[in-house]
Amino acid sequence: MSRESRLLEKERGQVNFNVEELTNIYDGGAEETKLRRKVADVIQNDPEVRCKDIGMMTREERYIDGVRRCVYLYKVLLPREGWTPVSKEVSHILRFCMSFGVHAGVFIPCLLSFGSDEQIAKWLPLAMQFQIIGTYAQTEMGHGTFLRGLQTTATYDKKNKEFVINCPEISAMKWWPGDLGKSANHALLMAQLVIDGKKYGMHPFMVQIRDLTTHMPLPGITVGDIGNKVGFETTDNGFLHLNQVRIPRENLLCKNAEVKPNGTYLTKASDKMVYGSMVRLRAIILESEAVSALGKACTIAVRYSLVRCQGELEPGKPEVSVMEYMTQQKKLLPYVAMTYVTHFACLKLSNQYNAFTREMDNNDISGLPELHALSAGMKAVVSEQCSDGIEILRKSCGGHGYSNASGIPIIWSSAVACCTYEGENTVMLLQCARLVHGMASYNAWNQSSVELVNVVKAHITQFIVTTFASGITELECTKPVKNVLQQLCALYALSCINASTGDFLKVGYLSPRQCDLAHEAELELLSCIRPNAVGLVDAFDFSDDLLQSCLGAYDGNVYERLFAWAKKSPLNKTEV
Ligand SMILES: CCCCCCCC/C=C\C/C=C/C(=O)SCCNC(=O)CCNC(=O)[C@H](O)C(C)(C)COP(=O)(O)OP(=O)(O)OC[C@H]1O[C@@H](n2cnc3c(N)ncnc32)[C@H](O)[C@@H]1OP(=O)(O)O
Ligand SMILES: Cc1cc2nc3c(=O)[nH]c(=O)nc-3n(C[C@H](O)[C@H](O)[C@H](O)COP(=O)(O)OP(=O)(O)OC[C@H]3O[C@@H](n4cnc5c(N)ncnc54)[C@H](O)[C@@H]3O)c2cc1C
């Protein structure tokens, strides 16, 4: 056993709470843990679909690998295991970073949100079996945030009972939709509806873009991949230009509004229902795309920091693990706390979303404005805090953190995208401010928007802390687990306060002495939590397969893994 493995084993021996109990709490119960592990075992024991190191792959190899694994999953593995795309098991599979995230996570749910019963009956079975592969095409080259500015039009042709879809200029071209570039043959396309020269705003249309046999683009369609990005390499974000493309009248997804054959426009629900898909995604992606990513980065950085020996605390004494340095504890442990605290706050948000969908089934959408405010604010605050934290955790691993061998750069490059998609964060914060504080006149409004953004960040952080604090109070668990959760709650709250003492001092909410006490309290909590650090990240229960990290493996064998990984570099195929 290597020295590093022995160090990690010693650390595990001093954890003072039941790690399995905390895993069960994090998962939502022992049965959930059992289900998640069963899925992980099936995935990891099937070489066709298990996670592999993509650090050395080209962009094209990563895309092809993601598509191949996904098709195998849906065509072979799910039927073999007797699982359907809506089985609980599949919700755990999405963690295994494959392709078709927009098809499965956006296109299909939006079809369910916007489609009539007949339209769902027509397209859903095809989508579930991958006979059609869809994208959600809303953003254009020239507009992403300002939806009322979208330029793609859908003009109703009464004579032929068709819509004519057109991108009037280059900036109207759809740009960014995931799975669009090479995979999708259908698009759930958002366009401005026009009837007899009158504009009715953004509406959803089902548009076939490729031939189902040859996969060639259909007439009037120009489609392709937008090129290399910061991350999301397994996803072919694409461009789509439509030149006078005709679709049947029946392809307007008409749960909320329809156009009669004679061109009469009939609305059936609030025009805001067209925004519902964005509320849903903001409410449910945070756990899988931001918080889970932070938990992986914490697992890697904490395990590595416990085995990385560097320097002496006392001259002449043996080298210490970098986790002994208070600065390292300050870098890492508040983000371990954030993972737990935001995980439970996101759970509350998704529960609120599910409650809203039940109200919506009874035609009650009165809760939509509040849910829009909370989901917009949470999406902005949590995605930013998590992605900022992942970058700090990467830097805390020194040089090896800068290598793909650590696994953290790939984790960060995917998580940070959540600050932009589904609503750019600043815009989301301002939406939350508007709904929480009311809309002043546009000029007073723009002049105060910088402060409003900060007010909303504080408002949402307070929601996160109080949600977790009340959740702990109600939680039935052993005392050691409750104690460590209370420490994490206090640490997250204090780290947020200490990062903003200026604001508290400015308004006289805290005195300078109280600010000193808050700072001292945080340092004391770091020391209290330090002995449990490895147990807290082990409780996330990320397998080595899922982490794909030479620094974060469960056994702590960092250096052997690093050297074996580097030797696989394509540059090492030849000595010269
Ligand atoms: C578990 C599976 C997960 C798998 C996922 C895999 C990974 C997926 C990766 C990527 C997918 C990404 C997809 C996308 O990015 S899709 C495109 C997303 N785009 C946006 O979010 C656009 C953001 N812009 C907006 O939301 C709006 O333009 C706006 C809110 C910024 C401004 O709206 P606008 O119409 O310009 O004016 P107002 O501000 O006046 O709003 C009008 C009115 O409507 C209300 N409202 C606005 N948005 C919503 C909403 N989402 N829900 C409910 N209500 C909304 C607003 O409050 C106003 O109401 P009023 O005051 O009563 O008039
Ligand atoms: C990885 C990834 C995947 C994506 N997937 C999809 C997809 O599947 N389907 C899809 O339709 N789209 C997708 N998108 C596009 C995404 O939804 C948009 O990029 C996003 O909505 C932001 O719009 P934008 O890019 O036009 O930014 P802009 O709105 O142009 O933002 C640029 C700057 O302007 C500021 N700004 C803009 N408006 C305001 C305002 N009113 N007040 C104050 N500041 C403002 C913003 O804060 C930002 O700083 C994806 C994007 C990414 C990065």
Side-chain angles (χ1 to χ4, degrees), residues 90-95 97-110 134-150 152 171 174-181 184 187-190 201-202 226 229-240 270-290 292 346 350 353 356 365 367-376 379-380 383 413-436 438-439 442 445-446 449-450 452-453:
V90 177
S91 64
H92 291 292
I93 282 176
L94 286 173
R95 294 155 61 101
C97 16
M98 295 182 191
S99 295
F100 300 150
V102 173
H103 170 78
V106 190
F107 174 80
I108 288 177
C110 287
T135 184
Y136 179 77
Q138 176 175 295
T139 303
E140 296 173 353
M141 192 188 271
H143 288 91
T145 290
F146 187 57
L147 300 184
R148 284 179 286 138
L150 292 177
T152 299
S171 60
K174 294 302 179 182
W175 196 276
W176 273 112
D179 301 341
L180 168 61
L188 198 158
L189 183 120
M190 304 305 268
M202 184 174 80
I226 63 171
K229 314 179 285 280
V230 168
F232 261 94
E233 306 256 284
T234 53
T235 299
D236 52 328
N237 297 90
F239 61 79
L240 172 66
S270 159
D271 57 353
K272 300 205 180 88
M273 289 315 295
V274 75
Y275 291 130
S277 62
M278 293 175 274
V279 170
R280 173 190 169 276
L281 211 55
R282 289 166 193 158
I284 71 163
I285 55 169
L286 286 175
E287 177 55 43
S288 63
E289 305 304 308
S292 178
C346 291
S350 54
Y353 174 77
F356 170 71
I365 65 163
L368 183 57
E370 185 190 343
L371 185 63
H372 167 42
L374 182 59
S375 59
K379 183 265 183 194
S383 61
S413 67
S414 177
V416 72
C418 197
C419 296
T420 304
Y421 64 64
E422 275 314 323
E424 199 282 328
N425 277 359
T426 305
V427 172
M428 292 299 101
L429 290 167
L430 291 171
Q431 278 293 302
C432 183
R434 208 183 94 154
L435 292 149
V436 170
M439 178 74 168
Y442 285 102
W445 178 261
N446 193 29
S449 56
V450 174
L452 282 167
V453 159

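Both counts, for ligands and for their atoms, begin at 1 and track the order of listing.
Of the N or O atoms in Tyr421, none lie within a sub-3.5 Å distance of an N or O in ligand 2. Residue Thr135 has no nitrogen or oxygen atom sitting less than 3.5 Å from a nitrogen or oxygen atom of ligand 2, judged on distance alone. At least one N or O atom of Tyr136 sits closer than 3.5 Å to an N or O atom of ligand 2. The shortest N/O to N/O separation between Leu368 and ligand 1 does not fall below 3.5 Å. Checking only distances, Val102 never comes within under 3.5 Å of ligand 2, N or O to N or O. Residue-to-ligand polar distances keep Trp175 apart from ligand 2: every N/O pair is separated by 3.5 Å or more.
Every atom of ligand 2 is numbered from 1 in the order shown, and the set under 4.0 Å from a heavy atom of Gly144 is 21 (O), 23 (O), 24 (P), 26 (O). Residue-ligand proximity, Phe146 to ligand 1, at heavy-atom distances under 4.0 Å covers atoms 36 (O). For ligand 2, the atoms sitting less than 4.0 Å from at least one non-hydrogen atom of Gln138 are 11 (O), numbered in the order shown with element in parentheses. Within the listing of ligand 1, atoms 20 (C), 21 (O), 23 (C), 26 (O), 51 (N) sit less than 4.0 angstrom from a heavy atom of Arg282. Contact atoms of ligand 1 toward Gly144: 22 (C) (distance under 4.0 Å to a heavy atom of the residue). For ligand 1, the atoms lying closer than 4.0 Å to a non-hydrogen atom of Val279 are 50 (C), 51 (N), 52 (N). Near Gln138, meaning under 4.0 Å from any of its heavy atoms, are these atoms of ligand 1: 17 (C), 18 (C), 19 (N), 20 (C), 22 (C). Proximity to Gln431 (heavy-atom distance under 4.0 Å) selects the following atoms of ligand 1: 30 (C), 32 (C), 39 (O), 47 (C), 56 (C), 57 (O). Within the listing of ligand 1, atoms 31 (C) sit less than 4.0 angstrom from a heavy atom of Val427. In summary, the atoms of ligand 1 found under 4.0 Å from a heavy atom of Tyr136, numbered by their order in the structure, are 16 (S).
Counting heavy atoms only, Gly178 comes closest to atom 8 (O) of ligand 2 of the residues Gly178, Ser414, Cys418. Taking each of Glu422, Glu424, Arg434 in turn, the one with a heavy atom nearest to atom 15 (O) of ligand 1 proves to be Glu422. Summarising the contacts of atom 54 (N) of ligand 1 with His143, His372, Lys379, Glu289, the nearest heavy atom is found in His372. Across the listed options Phe107, Phe100, Tyr421, Tyr421 owns the non-hydrogen atom lying nearest to atom 9 (C) of ligand 1.
Every heavy atom of Glu287 sits 4.0 Å or more from the atoms of ligand 1.
When heavy-atom distances to ligand 2 are checked against a 4.0 Å cut-off, Leu430 comes that close only through its side chain, counted from C-beta outward. Residue Asn237 touches ligand 2 through its side chain alone, judged by heavy-atom distances below 4.0 Å.
Distances from atom 30 (O) of ligand 2 to the protein include no heavy-atom value under 4.0 Å.
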